[in-house]
**Q** 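Sharing a structure here in C-alpha cells format.
Within every chain, numbering begins at 1; the chains are lettered A, B, ... in the order of the sequence lines, protein sequences first and strands thereafter.
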There are 2 protein chains.
Amino acid sequence: MSERAERAWRPTILDVAARAGVSKSLVSRALRDAPTVSPARRAAVRQAAEELGYRPNAVARSLVQRRSHTVGVMVSDLHNLFFAEVLDGVEAVAAGHGYRVLIVTGNRDRAAEEQALETLLELRTDAVILASSRLSLRSVAAARQSVPVTLVARAARVAGVDTVTNDDGRGARLAVEHLASLGHRRIALVDGGSGPGSAARRRGYRAAMGALGLADEIGVAAGDFTDEGGYRGARSLLTGSSRPTAICAGNDLAATGVLTALAEAGLRVPADVSLVGYDNTALAALRHVSLTTIHQPRTEMGEAAMRAALRRLDGGAGRARRLVLQPSLVQRATTASPAAS
Amino acid sequence: MSERAERAWRPTILDVAARAGVSKSLVSRALRDAPTVSPARRAAVRQAAEELGYRPNAVARSLVQRRSHTVGVMVSDLHNLFFAEVLDGVEAVAAGHGYRVLIVTGNRDRAAEEQALETLLELRTDAVILASSRLSLRSVAAARQSVPVTLVARAARVAGVDTVTNDDGRGARLAVEHLASLGHRRIALVDGGSGPGSAARRRGYRAAMGALGLADEIGVAAGDFTDEGGYRGARSLLTGSSRPTAICAGNDLAATGVLTALAEAGLRVPADVSLVGYDNTALAALRHVSLTTIHQPRTEMGEAAMRAALRRLDGGAGRARRLVLQPSLVQRATTASPAAS
DNA sequence: CGCGTTCCTGGGAACGTTCCCATCGGCGGC
DNA sequence: GCCGCCGATGGGAACGTTCCCAGGAACGCG
C-alpha cells in the first residue's frame, strides 16, 4: 500500500485549480455545471479533478451556503421494521428533490434520542423528521426553533410541527367489522398497553363494538407490543368463562404471542378462534404465520413526512398540518367464520 | 407562532460573545470546558448560550478541525434486522469513544449504495463502515484513499480495508453436528443460493457431512434467503424418494418457508423432521416459531468493526486485518431425535 | 515596591467552499 | 471604427468555528 492510502490527504479545490491552470472560482463553477464556463476549460477541470480523485467537501459547502441539502431522520428503533418502510418513503421523495437522507437512532432510549436529535441539529440538516420518538415535547419545540420538524407516527401537538399518522381508531374498527361480518360476536382485544397508537386502537375497538350492538361482548386483556405481551393477554382471555371466538391483537408481534397461547390451549386458528393483527409487517406475510392484519401505509407515511418537510423548506409557513392516513384490512389465513356450534 | 419559529435564525458564537460581553474565543473555550476560563466568565457564557438557545455549528467545527467526530455507516438494507444489531454494536463502541454515528442506506441497489457512500465521503466522516454492501471493490478501494474503511459481513480483500465476518463454514458444521448428535443421518440442506455467506455454508455442510461419514446422505436443494425460497427448497426435498429426517435452512427466513412446506405435507416438527435455521434473528426466537438456529454474533461484529475503525483513527496503519467471529448453536423447539421408526 | 510568573483574555488566521463583483477581451451595430 | 455589451475569468469576502499567539492583570516573593 502506498503512503497515500495510509495518511488521508484530500485534494481541495485549489489543488484542482492549480493542476488545471485556472482559478478556484472556475473550478467551482465547472464542477457544478454552472453556465458561464467555456467547454475547453470545463473539460480541463473535469480531467484534473478526476486525476486527483477530488471530491467536493460538503462541510465547507454547507458552511458557506448555510444549507446542507440534507434531511435528518431520527428513528427510535431500527429493530422495528416499521421504520424501514417509513424510511423507504422518505428516501424516495428526498432523492427526487435532490436531498440526501441521514439517519440517526436512539435505540429505544430517551436520552439517546435527545442526543441523536442534538447531533442532527448541530449538523445543520435542512430539516428533521422524527419517527415515533419518545422525545419530550419541549425538545421537539426547541428543535422547531431552528429547523422544520415533522413527526411521524406520533400525533403530538407542537406549534409549527407537522405530523403524519395513521388512523388507529379506524384500523381497529376495520378489524372488528371484518370479524363481525364473518359472524363473530365475542370479539376480544389484546391491548397494546402504553405503546404508541394503542390508546386510539382501544377506543376504536370499543366504539366499533358498540356501534355493532356488541357492547356487552367487549373484552380487553392487558398486553403490550411484544410477542410475550400478546401471549399473556391471550392466556388471560382463555381462562375466562366464555372464551372469545375472535381476537384483535395490539400489533402483529403480539399476534404471534396470541398464536402461541392458542396452540398451547389446543385451539385451532381459524377454526376455533380467529385472529387479526395490526401493522401488516413482513412477519404477518410469512406463510407460516399468514396473519390477517391491518395494513398501515408506512411508505406513504414516509413520503408524506418528506413532502411536509419540503413544503416548509420551500418557505411554507403557517400552522402545523396534521395528516392522517387511512389503514386497510389485509385478509389472510387467520380469520374465518366461527365454527357452527 | 412567533416569527422566530418560522424563519430559522440561529445564534452564532458571536451572538453569545456579545451577550456575555466577552470574546468569541472565550465563548469557544468556555463551552468546551477548556481549562483556562475563570468560573465567573464560564457561568456568564453558559447563561448567555442558554438564553439564546445557542447550539454549536458542527459544520464549522468540522471544517476547522478537519475532523467530524463522526463515523458513517452504510447499510445495504434496513429491512434486514441483521443490520440493526450490527448497528447496536457500532453505536455502543462509538458512544464510548466520543464518536457519533451517521447511517445511510442503499436500499439493496448498487447505484444507490455508491451514492450513499459518496455522501459519507463528501460529508467527511472520520471513518466509514460498510455493512454487507454490494459496492464494487473499486469504489471501496477509492474510498480507502481518503478515509479508514471497514467491511462487515463481507470478506472482500481490499488493500488497507479491515473486514469483520462470521465463520459461515463453521456455523454450518455446528448445525450438522448437532443434528448428527441427535441421531440424524439423512440431513439435507436448503441452500441460500447466491446470498452472502451461502457458498461458505454449503461448503461447511458438505465437509461436516463427509467428516461424519455421511457423505452418501448429502442432499442439497436449491433455495434462497427468503421465505419463498425455503418453501421451494423444502418441497423439492419432500418429493424425493427418501425424505430427510432433518433439514438445515440457509437462514431463519428460509426456515419459516421450510416450516410451511412441512406443515402442508402433514409432517410434524420436530417429531417427523428436525429443522435448523441460521442467524438467530428475532424471528427464530418467537415462540410460535421457536427455531433451533445458528447464532451470528452480530452485535459483536458491529463492535469489532467500530474498534477496527478506531484503531485506524488512532493512527493504526499497516495491512488489513480480517477478523472472523465464531457462530454458536441455539437450541429451541425444532430439533429432536428422529422418531424411532 | 519592582519584577517575574502564572492565569486569563482577545485578536487574527485558517479550514474549503460559494458568491458577488470587477476586469478583460472580443464582437456587433451604427 | 468607436462604443457598448456580453461572455469568460479571477480575486476577495464570507460562512462559524478552533487554534495559536500576544498582551495584560494579578499575585507572590525578595
**Q** Could you tell me which residues satisfy side-chain hydrogen bond (donor to acceptor under 3.5 Å, both in side chains) with Ser136(A), sequence neighbours excluded, listed by chain and number?
**A**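 side-chain hydrogen bond (donor to acceptor under 3.5 Å, both in side chains) check on Ser136(A) returns Ser139(A).
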**Q** How close or far is atom C1' of dA8(D) from atom CZ of Arg42(A), stated in whole angstroms?
**A**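 Atom CZ in Arg42(A) sits about 11 Å away from atom C1' in dA8(D).
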**Q** Expressed in angstrom and rounded to an integer, what is the separation of Leu31(B) atom CG from dG16(D) atom P?
**A**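 Atom-to-atom, Leu31(B) to dG16(D), this comes out as 16 Å.
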**Q** Tell me whether the side-chain N or O atoms of Thr36(A) pair up with the base of dG7(D) as donor and acceptor below 3.5 Å, since no angle test is needed here.
**A**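 In this structure, the two groups form no donor-acceptor pair.
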**Q** Any side-chain heavy atom of Tyr99(B) within less than 4.5 Å of one from Glu91(B)?
**A**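 Heavy-atom side-chain distance check fails, nothing below 4.5 Å.
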**Q** Rounding to a whole Å, what distance do you find between Leu26(A):CG and dG12(D):C1'?
**A**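 These atoms are roughly 16 Å apart.
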**Q** Pairing donors with acceptors under 3.5 angstrom, does anything connect the side chains of Ser62(A) and Arg66(A)?
**A**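 No, Arg66(A) and Ser62(A) have no side-chain donor paired with an acceptor closer than 3.5 Å.
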**Q** Expressed in angstrom and rounded to an integer, what is the separation of Arg124(A) atom CZ from dG16(D) atom P?
**A**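 So the two atoms are 9 Å apart, to the nearest Å.
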**Q** Between the protein and nucleotides 13-15 of chain C, list the N/O to N/O atom pairs that are separated by less than 3.5 angstrom.
**A**
| unit_1 | atom_1 | unit_2 | atom_2 | d |
| --- | --- | --- | --- | --- |
| dC15(C) | O2 | Val64(B) | N | 3.4 |

**Q** Are side-chain heavy atoms of Leu81(A) and Leu81(B) found at a separation under 4.5 Å?
**A**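 Counting from C-beta outward, Leu81(A) and Leu81(B) do come under 4.5 Å.
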**Q** Give the rounded distance in Å between these two atoms: CG of Leu14(B) and C1' of dG12(C).
**A**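 Distance check: Leu14(B) CG to dG12(C) C1' gives 13 Å.
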**Q** Between the side-chain atoms of Ser23(B) and the base atoms of dG11(C), is any donor-acceptor pair under 3.5 Å?
**A**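 Donor-acceptor pair under 3.5 Å: no.
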**Q** For Ile13(A) and dG10(D), what is the distance between atoms CD1 and C1' respectively, to the nearest whole Å?
**A**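 In whole Å, dG10(D) C1' and Ile13(A) CD1 are 13 Å from each other.
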**Q** So Arg41(A), base contact, sugar-phosphate only, or nothing? Heavy-atom distance under 4.0 Å.
**A**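 The answer is sugar-phosphate, as Arg41(A) gets under 4.0 Å only of primed atoms, P, OP1 or OP2.
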**Q** Just checking, any donor-acceptor pair under 3.5 angstrom between side chains of Asp126(A) and Ser68(A)?
**A**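 Present: a donor and an acceptor within the cut-off.
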**Q** Could you give the CZ-to-C1' distance, from Arg61(B) to dG16(C), as a whole number of Å?
**A**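 The answer, rounded to whole Å, is 18 Å.
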**Q** Donor-acceptor pair, Arg29(A) side chain versus Val37(A) backbone, under 3.5 Å?
**A**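 The answer is no, because no donor-acceptor pair under 3.5 Å joins these two groups.
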**Q** Just to confirm, is there a sub-4.0 Å distance from OP1 or OP2 of dT17(C) to any side-chain nitrogen or oxygen of Ser28(A)?
**A**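 No, because none of the side-chain N or O atoms of Ser28(A) sits under 4.0 Å from OP1 or OP2 of dT17(C).
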**Q** Looking at every strand, decide which applies to Ser25(B) at a 4.0 Å heavy-atom threshold: base, sugar-phosphate, or nothing.
**A**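 Counting heavy atoms under 4.0 Å across all strands, the contact made by Ser25(B) includes a base.
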**Q** Which comes earlier along DNA chain C counting from the 5' end, the contact point of Asn57(A) or that of Arg32(A), where each point is its nearest nucleotide?
**A**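 Residue closer to the 5' terminus by nearest nucleotide: Asn57(A).
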**Q** Just checking Val37(B): base, sugar-phosphate only, or nothing, at a heavy-atom cut-off of under 4.0 Å?
**A**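 The answer is sugar-phosphate, as Val37(B) gets under 4.0 Å only of primed atoms, P, OP1 or OP2.
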**Q** Examine dT17(C): is either OP1 or OP2 under 4.0 Å from a nitrogen or oxygen in the side chain of Ser62(A)? Give yes or no.
**A**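 For dT17(C), neither OP1 nor OP2 has a side-chain N or O of Ser62(A) closer than 4.0 Å.
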**Q** Which whole-number value in Å describes the distance from Arg67(A) CZ to dT18(C) P?
**A**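 In whole Å, dT18(C) P lies 13 Å from Arg67(A) CZ.
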**Q** For a quick test of your reading: what N or O donor-acceptor pairs under 3.5 Å do the side chains of residues 71-78 of chain B make, sequence neighbours left out?
**A**
| unit_1 | atom_1 | unit_2 | atom_2 | d |
| --- | --- | --- | --- | --- |
| Ser76(B) | OG | Ser132(B) | O | 3.3 |
| Asp77(B) | OD1 | His79(B) | N | 2.8 |
| Asp77(B) | OD1 | His79(B) | ND1 | 3.1 |
| Asp77(B) | OD1 | Arg108(B) | NH1 | 2.7 |

